[in-house]
Amino acid sequence: MIHKKILEEHKLTEEEYERIVELIGKEPNITELGIFSLMWSEHCSYKSSKAHLQKLPVTGENVIQGPGENAGIIDIGEGLAAVFKIESHNHPSFIEPYQGAATGVGGILRDIFTMGARPIALMDALRFGPLSLPKNKTITEGIISGIAGYGNCMGVPTVGGDVYFNECYSLNPLVNAFCLGICEKDKIFYAKAEGEGNPVLYVGSKTGRDGIHGATMASAEFGEDLEEKRPNVQVGDPFKEKLLLEACLEVMNKNLIIGIQDMGAAGLTCSTTEMASNAKSGIEINLDLIPQREEGMTPYEIMLSESQERMLLVAKKETVKEVQEIYAKWDLDAVIVGQVTSDQRLKVIFEGITVVDIPVQAVVDMCPLYHRESKVPAYLESQTKLDPIPPPEDYNGTLKKLLSSPTIADKQWVFRQYDHMVQINTALLPGADASVLRLKNKKFALAMTLDGNSLYTYLDPKTGGKIAVAEACRNLACVGAHPVGVTNCLNFGNPEKPEIMWQFQEAIEGIAAACRTFNIPVTGGNVSFYNETEGLSIHPTPVLGIVGLLRDVDKSCSPGFKNTGDVIFLIGKNKDEIGGSEYLKFIWDMEKGQPPQIDLQTEKQVHKVCIEAIAKGLLHSAHDISEGGLAVCIAECAFLGDNRLGCTLHLKDRIRSDALLFGESQSRIIVTAKPENKDALVKIAQGQNVPIEEIGTTGGKNMTVYHNQKKIIDLPVQKSYTTWKQAIPDHFKAR
């Protein structure tokens, strides 16, 4: 038996090793062990999560491809399909922030164009520790620069995302990259190795020693040996990837290949075994033919390398020459390295010797599935209890302070580093509730958004999962789009700990319930476990990327106030809920209480009202109430308008003023309309049985709020805007 220390280095248990021996009928050599280590890692096999992921709805009348491929695909009509996926690159981004984030972008782009789609937009969900710590500043700066550097060079716009700050991310930043592409629905390609004797080609960059055991690293907690893990982080070259993208799309457009798979996590190991498994075939490759940029690489290193900008494809014998000519035109290697076989085995030759000979199915499909123990975390009993707090003495000061929270404050310091207008499809600039993307020569458009509040999920995982879906759909509704498909990135701690597993199970239940209510399929995603360092776990952080369809791009709606004298309406209902709010977190330094509760059917009806009102041209603006509550929402509406109009609100709710202003009750949207459109808007809301209330008017230079006839807020818009705009340290604003 292989030494126990070697198994530990490969993150395999003794029981898993015994299963490997049984499946392949022999003791594996070190290269074969490495292959199983990668493919049986949590990152690749989903061995702790698969049983629970089956609860998610994955089918629908417009689903072309659900989970199991590089990306999900939804039919959006007129012969087109939307291709989208979200992936995490958390661990690499902590070790090497710039390259970790950059290669995360590169990987998600390859997931999209591997399917035959041209990427049209990127988004990122980022989670950082407080910027008061120098280490967090360095990590934050490196990650954002890495995202910008790769996406900008690729010519794919980064059109939005979200950024949250919390102490739990100081040792575990999260980088979740979301990409959307478009293809003709009759020109979709899959990861399959079909046709015995067909040549297998390696295309793209040369293989080096970077990224070895990257997938295994992403499937374990971090300790104090971070510097030793630096070689596990890949090094990206966006200019090479741009060439690869164009070359791949050209051979696809000419229908010259049978199947294609990118070499992302697990590199050559993943692409060979998964392509063969998908086609119920086998693959034989000769490592002597693999283009290499370093001397003396072993079979182990070549098979486990996660060097970037590489693809494996299967071509027809009669088209190989043309395929190679196209890649040569783009200055890329395209080398025949093997062939498809019919024996359902992976065979690897090195220097004339067979160094790997194992059943494909054993590697891909026979990893043990775990039903981990789960139990309610001990912290919940105390964390969900909230002792009474006194109301603020100064509501003006409280709102100004809340506007300076890094989570709430202006994010232009992030998105100004991204090219969000390249391809000239961006119809709504970053800062809106969702991004809207034109489709050339089409009246309809696509919208996309990201969302996920980890504090809600920490305090109530099931409710947090529901709200993550609901708020993302609400963001789409605010621009006039209805949701058509979901991809999720589920970031959690160590699943071997029962408390973490309980958080995960509950969050899945909430996500599944919300997706069923909104009738949207989950087409794929990513589970990122082991987000722990030195025993400290992140808050459970499910991030939902949702794609929506807007029937008329010219009718999209934005959040900023437009005209003096418009009527301000609240769609939905204010409630006395303050638990889990940014107000409690940032003002009172408390992560406590019950998070806001949600009725999914009510939420769905609220969205219908907003979407219908936008479609009928009744609204000038729409903005959902989320972090910071009603007061922050109104302030953002003032800040995001071209003229920075003020407003006057008269609120009559019989709840305490701080809960009314800063509570984060769900299913609420602030909209504005011309006075002559009031009756039509109210009629739509009444038709959906949704509460709607006229709460004020736009105009002036101040934000003024009365509660039960008492003035509680009166702030100049421009000064408040400056607070919101300049909250992030000058260290970042100077860039």
Side-chain angles (χ1 to χ4, degrees), residues 43 85-114 119 121-128 136-161 163 169 172-181 204-215 217-218 226 229-245 262-267 293 305-311 413-420 422 450 489 526 528 543 732 735:
H43 187 77
K85 177 78 175 295
I86 191 170
E87 280 276 2
S88 65
H89 231 226
N90 303 335
H91 283 39
S93 299
F94 180 37
I95 298 170
E96 187 66 63
Y98 185 96
Q99 289 295 348
T103 52
V105 174
I108 197 65
L109 286 166
R110 288 195 302 279
D111 282 340
I112 301 306
F113 71 79
T114 299
L122 289 159
M123 278 187 160
D124 301 282
L126 307 176
R127 305 290 184 267
F128 300 122
N136 289 336
K137 288 183 180 180
T138 301
I139 290 172
T140 302
E141 183 180 50
I143 286 172
I144 291 169
S145 296
I147 291 168
Y150 209 103
N152 292 353
C153 291
M154 284 292 296
V156 179
T158 300
V159 295
V163 185
Y169 302 116
N172 289 275
L174 302 185
V175 177
N176 294 176
F178 177 28
C179 187
L180 170 66
S205 295
K206 291 177 170 58
T207 295
R209 289 188 170 94
D210 54 321
I212 294 173
H213 271 304
M217 175 194 68
L226 289 177
K229 295 182 183 292
R230 199 170 295 274
N232 295 141
V233 179
Q234 310 93 325
V235 178
D237 181 349
F239 299 105
K240 185 73 75 172
E241 177 132 333
K242 174 61 174 173
L243 300 177
L244 185 63
L245 181 154
D262 82 292
M263 297 187 214
R293 66 169 185 264
S305 169
E306 293 184 9
S307 294
Q308 296 293 285
E309 294 88 39
R310 303 179 301 158
M311 295 279 193
W413 63 279
V414 178
F415 61 72
R416 71 182 296 185
Q417 300 183 47
Y418 305 150
D419 187 340
H420 46 266
V422 65
L450 282 172
C489 203
N526 173 227
S528 176
V543 173
F732 296 107
R735 288 192 165 266

How close do [X] and [Y] get, counting heavy atoms only, and between which atoms?
X      : Y      : answer
Pro173 : Ile139 : CG-CG2, 3.8 Å
Cys153 : Phe239 : SG-CZ, 3.5 Å
Tyr169 : Phe128 : CB-C, 3.5 Å
Gln308 : Glu306 : NE2-O, 3.0 Å
Leu245 : Pro119 : CD1-CD, 3.8 Å

Side chain of [X], backbone of [Y]: donor and acceptor closer than 3.5 Å?
X      : Y      : answer
Ser88  : Asn176 : no
His89  : Ala101 : no
Glu309 : Ser307 : no
Asp124 : Leu126 : no
Gln99  : Gly236 : yes
Asn526 : Cys489 : no

Whether over 12 other heavy atoms sit under 6.0 Å from Lys242 NZ: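 Yes, the 6.0 Å shell around NZ holds more than 12 heavy atoms from other groups.
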
Within the 4.5 Å heavy-atom criterion, are Glu241 and Arg110 side-chain neighbours or not?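 Yes, side chains in contact.
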
Would you call Asp419 and Thr158 a side-chain contact if the rule is heavy atoms closer than 4.5 Å?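 A side-chain contact under 4.5 Å is absent here.
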
Enter the distance from [X]:[atom1] to [Y]:[atom2] here, rounded to the nearest 0.5 Å.
X      : Y      : atom1 : atom2 : answer
Cys179 : Glu87  : SG    : CD    : 11.5 Å
Thr114 : Asp111 : OG1   : CG    : 6.5 Å
Leu244 : Ser205 : CG    : OG    : 7.5 Å
Phe94  : Ile143 : CZ    : CD1   : 9.5 Å
Met154 : Leu243 : CE    : CG    : 9.0 Å
Ile108 : Phe113 : CD1   : CZ    : 11.5 Å

With sequence neighbours excluded, tell me which residues meet side chain to side chain contact (heavy atoms under 4.5 Å, CB included) with Ala148. Asn152, Gln417, Tyr418

Residue list, salt bridge (Lys or Arg N to Asp or Glu O under 4.0 Å) with Arg310, at least two apart or on another chain: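 In terms of salt bridge (Lys or Arg N to Asp or Glu O under 4.0 Å), with neighbours along the sequence ignored, Arg310 is linked to no residue.
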
If you measure only the distance, is there a donor-acceptor pair under 3.5 Å linking the side chains of Glu141 and Tyr98? no

Apply the test side chain to side chain contact (heavy atoms under 4.5 Å, CB included) to residues Leu450 and Val543: give CA-CA distance (whole Å), side-chain angles for both, the deciding distance (0.1 Å), then the verdict. CA-CA 7 Å; Leu450 282 172; Val543 173; 3.9 Å; yes

For Lys240, side chain to side chain donor-acceptor pair (under 3.5 Å) partners two or more places apart: none

Under the side chain to side chain contact (heavy atoms under 4.5 Å, CB included) rule, what do Val414 and Ile147 come out as? Steps first, then yes or no, please. CA-CA 10 Å; Val414 178; Ile147 291 168; over 6 Å; no

Can Arg293 and Asp210 be counted as an ion pair, charged N to O under 4.0 angstrom?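 Counted as a salt bridge, because a side-chain N and a carboxylate O are separated by less than 4.0 Å.
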
